[in-house]
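One structure is given here, and the rest of the page talks about it.
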Amino acid sequence: MATQEIKKQSPKVYIDRPDHLSGGHRLCAGCGAPVILRQVLMGAGDSPVVVSNATGCVEVSTTIYPYTAWKDSYIHSAFENAAATISGVEAALISLKKQGKVTEDFKLLSVAGDGGSYDIGLQAISGALERYHDIVILCYDNGAYMNTGFQRSAATPKGAWTTTSPVGKVRPGKNQQRKNLTEIAIAHNIPYVAQASPHNFRDLIYKAEKAFAVKGPAFLNVLSPCPRGWRSKESDSIQLAEAMVKSNYWPLFEVENGVYKINYDPKKRKGAVADWMKQQGRFRHLFTPENEWIVEETQEMTDYQWERLKAMEEATARFAPQEAAEAQEPAE
Amino acid sequence: MAQTEAKTLAITGNGAVSLAMKQVDPDVVAAYPITPQTDVVQNFSQYVANGDVKAEFVTAESEHSAMSACIGSAAAGARTMTATSSAGYALMVEVCFVAASMRLPIIMTTVNRALSGPINIHCDHSDSMLGRDSGWLQIYNEDAQEAYDATVMSFPIAEHKDVRLPLMNMYDGFIISGAIGPLKPLSAEQVQEFIGQAPDYPRLLDAKNPVTMGPFDGLHGWYFEQKIAQNIAMDNALDVIQDTYDRFYELTGRRYEHLMKYRMDDAEIAVVVANSAAGNARAIVDKLRNEGIKAGVIKLRTFRPFPVKQYAEALADVKVVGVMDRADSFGAPGGPLYMEVLTSLYQEGQCAKAVNFIYGLGGRDVFPQNIEDVYRRLDAIAKGEQDAPRERVYVNTKGM
């Protein structure tokens, strides 16, 4: 299907799609990951899917032997290699279809957290994107190694407390700003890259559907609230994701064949990073006179990244195919 | 099947194995180049470029990803191959354990090369010996012909329903991989008939019967039993391998056994050795036999599973055995092969004298004189002129 035919649908349309992940998995209350997975897999419609999953929260909570929450075929082999594993599945699919040994179509999805994507799995993801497999690579980014008890990753925000960037007399949490994995994926010149959040489910499902539809690799980076690691209330998860998007910290945008499109533009920024940082215990120590500079720096970084993103949208607009640009819905 | 008279090619070890890969024409190859395996990947790339094979070729960005892609491919239901050496194998090892535990019959050529450091591109067996506990079947090969034959024979062994284990074939880097030797190849049709179709097994690419592979064992605890099942499959492989060797003999007239005995019938001293050095050992044995010394050679083929009874039987009447290791296990009682051979003797209640010779590390030459020295020492021990040293004996070292 051409991606310009894919439009954001009403919730009614999405809710009638088959559920690929069953209930009864053991992810925490308030966890973003299963919400994201359901939404992403709604983008696969009724097509069978093969899911390749890195070691992590989703893996240990959905496949506790002898149970499985997966209605599709699923494989976990190690932490750093979900994207390499799905590369092999894709090669097998091409080969066996060519020989008539497999007749069905499958959507292929690789799933990893930020540890398995920004850090240990980065090479495998980069290799898979460059080899141009027809796959979707999903990162659910909760900003640390939450499965093993909140160790810092390259996705952990500056100043955040984790168990390997603890707060002490001389250190105020993590010392470094986060890596921009979405831009790294874009630099692979692949057909589709998008950033999304589970609070805007229509936007996320629409992006997943596009990611599955394009011929070639697609990368989705989705913000995933983690009450345990963020030290936040379970009931606040979706609202926190929304606040992080509205402050422009986690912009919703997509890059199709190199053309940037911002999907949610608040025009004038709604709220500051301090608003949602205050709701998360991992940032509690930052609201002191000696540490407030980290909040300010994060705000400055956020504003800069947002302006840069808008500039990229403007700069790449002239490369958009005309008909496709008209067919797309205006931003919400 | 009738024996066939094939023409003889002059070909490198890597050329022979890539020819076998072309004739097998698996569904998927995922690989990464490394010296001295590189020609295998290059040759296969050329077959793909020429349209000579149907295989999908995944040019992975590392050996870790190559083996991970092999896992995905084999789990999806595709016949899958790869090749590596040395550091590349070491990088794979984490996921090699996963491949074995998932019971995926991936076939890998491991061209033996020393592990770093210091970095050294030449032959020893430290790479494949690193994986001796990984759950892979391991077959060692002396020359291009053996490596070719082993590649063809791998499929009925690894894919057998009582085995279902990944299999690696070894031969010596440069000495065999890059040197030209004779090869009597089969025809592609003979290869296809011999390997047949892989038996059906649950696979990812079955929309009607979706399957969860590699689940988390954390709470209910079947890990232990899973490991026992891998060992049962290893035990089963002993017969499956020999049956496959026998069937191959029917086709080619080339006879293979778990261990290849040379002039062992009345041998009083013997050497156990793997891969290319076996040829030197046979030549020395011929020389010693002319002097009336009852010497023999046991060439290792099957290392995993280790054929304990066959070693005990072969060494039953031997007074002194020299076990030649082209790899070491630092701090252990000896090299890996030495420990396996001694354990086999002990399990069968035998106690021949044994000496461990470490040779050829990092590609150090092993000259006929070095092998002769080994046998002369065994002979002196057998005659009571010397005691058997308990420590390793290093062969052809400098300044030590």
Side-chain angles (χ1 to χ4, degrees), chain A residues 20 26 47-53 55 59-99 101-106 108 110 121 123-131 133, chain B residues 25-30 32 53-62 64-80 82 94-95 97-99 101-102 104 106 197-198 200 202-223 226:
Chain A
H20 293 257
R26 300 195 190 183
S47 170
V49 180
V50 178
V51 177
S52 165
N53 188 192
T55 309
E59 172 257 330
V60 300
S61 303
T62 60
T63 68
I64 301 169
Y65 187 81
Y67 306 105
T68 181
W70 297 91
K71 297 182 181 178
D72 293 292
S73 277
Y74 168 100
I75 181 166
H76 158 258
S77 61
F79 190 6
E80 68 278 55
N81 66 349
T85 305
I86 205 77
S87 301
V89 176
E90 192 239 22
L93 178 60
I94 292 170
S95 182
L96 296 177
K97 278 195 87 166
K98 208 160 56 185
Q99 300 172 59
K101 292 177 181 170
V102 168
T103 49
E104 304 108 324
D105 274 318
F106 289 83
L108 306 181
S110 171
Q123 178 185 314
I125 288 176
S126 178
L129 295 180
E130 185 269 340
R131 288 190 302 270
H133 298 285
Chain B
D25 197 3
D27 300 318
V28 172
V29 172
Y32 186 85
V53 287
K54 68 174 190 305
E56 275 299 304
F57 185 31
V58 181
T59 48
E61 84 292 341
S62 73
H64 193 283
S65 283
M67 183 49 63
S68 300
C70 286
I71 289 172
S73 165
R79 187 173 258 168
T80 305
T82 188
E94 181 209 9
V95 274
F97 278 73
V98 176
S101 73
M102 292 176 84
L104 300 172
I106 298 161
Q197 290 285 326
D200 271 346
R203 61 183 190 182
L204 296 172
L205 295 176
D206 182 350
K208 290 185 187 68
N209 302 291
V211 60
T212 289
M213 293 192 184
F216 179 49
D217 183 59
L219 303 182
H220 300 283
W222 287 92
Y223 180 92
Q226 158 90 23

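Computed over heavy atoms, backbone and side chain alike; hydrogens, waters and symmetry mates excluded. Here is the naming used below: chain letters follow the sequence lines, and residue numbers restart at 1 for every chain.
- For B/Ala207, the parts sitting under 4.5 Å from any heavy atom of chain A are the backbone and the side chain alike.
- Among A/Ala82, A/Pro48, A/Ser77, the residue making the largest number of heavy-atom pairs under 4.5 Å with chain B is A/Ser77.
- Rounding to the nearest 0.5 Å places CG of A/Asn53 at 10.0 Å from OG1 of B/Thr212.
- More than 12 heavy atoms of other shown residues, nucleotides or ligands fall within 6.0 angstrom of atom CZ in B/Phe97.
- The backbone N or O of B/Val211 lies less than 3.5 Å from a partner atom in the side chain of A/Ser73, making a donor-acceptor pair.
- Distance check: A/Ile86 CD1 to B/Ser68 OG gives 12.0 Å after rounding to the nearest 0.5 Å.
- Under the side chain to side chain contact (heavy atoms under 4.5 Å, CB included) criterion, A/Gln99 pairs with A/Ser95, A/Leu96, A/Lys101, B/Asp27, B/Lys54, not counting sequence neighbours.
- The shortest side-chain heavy-atom distance between B/Leu205 and A/Lys97 does not fall under the 4.5 Å cut-off.
- With a 4.5 Å cut-off on non-hydrogen atoms, A/Glu80 touches chain B through its side chain but not through its backbone.
- Neither the backbone nor the side chain of B/Gln226 has a heavy atom closer than 4.5 Å to any heavy atom of chain A.
- Taking B/Lys208, B/Arg203, B/Met67 one by one and counting their heavy-atom pairs under 4.5 Å with chain A, the maximum is reached by B/Arg203.
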Might you work through the side-chain contact (heavy atoms from CB on, under 4.5 Å) test for A/Gln123 and B/His64, ending with a clear yes or no? CA-CA 10 Å; A/Gln123 178 185 314; B/His64 193 283; 5.9 Å; no

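- Every residue two or more places apart in sequence or in another chain that forms a salt bridge (Lys or Arg N to Asp or Glu O under 4.0 Å) with B/Glu61 is listed here: A/Arg131.
- Side-chain atoms of A/Thr63 come within 3.5 Å of backbone atoms of B/Phe216 as a donor-acceptor pair (strictly under, hydrogens ignored).
- Note: B/Leu104 CG to A/Ile75 CD1 = 6.5 Å, rounded to the nearest 0.5 Å.
- Both the backbone and the side chain of A/Val60 come within contact range of chain B, judged by heavy atoms closer than 4.5 Å.
- Residue contact with chain B, scored on non-hydrogen atoms closer than 4.5 Å, involves the backbone and the side chain of A/Asn81 alike.
- Residue contact with chain A, scored on non-hydrogen atoms closer than 4.5 Å, involves the side chain of B/Met102 exclusively.
- Looking at B/Thr80, neither its backbone nor its side chain comes within 4.5 Å of chain A, counting heavy atoms on both sides.
- Using a 4.5 Å cut-off between heavy atoms, B/Arg79 makes no contact with chain A at all.
- In this structure, CD in B/Glu56 is found 12.0 Å from OG in A/Ser87, a value given to the nearest 0.5 Å.
- Using a 4.5 Å cut-off between heavy atoms, B/Thr59 touches chain A through backbone and side chain atoms alike.
- Across all their heavy atoms, A/Ala92 and B/Ser73 have their closest contact at CB-O, 3.8 Å.
- Contact of A/Ser52 with chain B is not made at all, since no heavy-atom distance falls under 4.5 Å.
- Contacts between A/Glu104 and chain B at a heavy-atom distance below 4.5 Å involve the side chain alone, from C-beta outward.
- For B/Phe57, the CZ atom is densely surrounded, since the number of other residues' heavy atoms within 6.0 Å is greater than 12.
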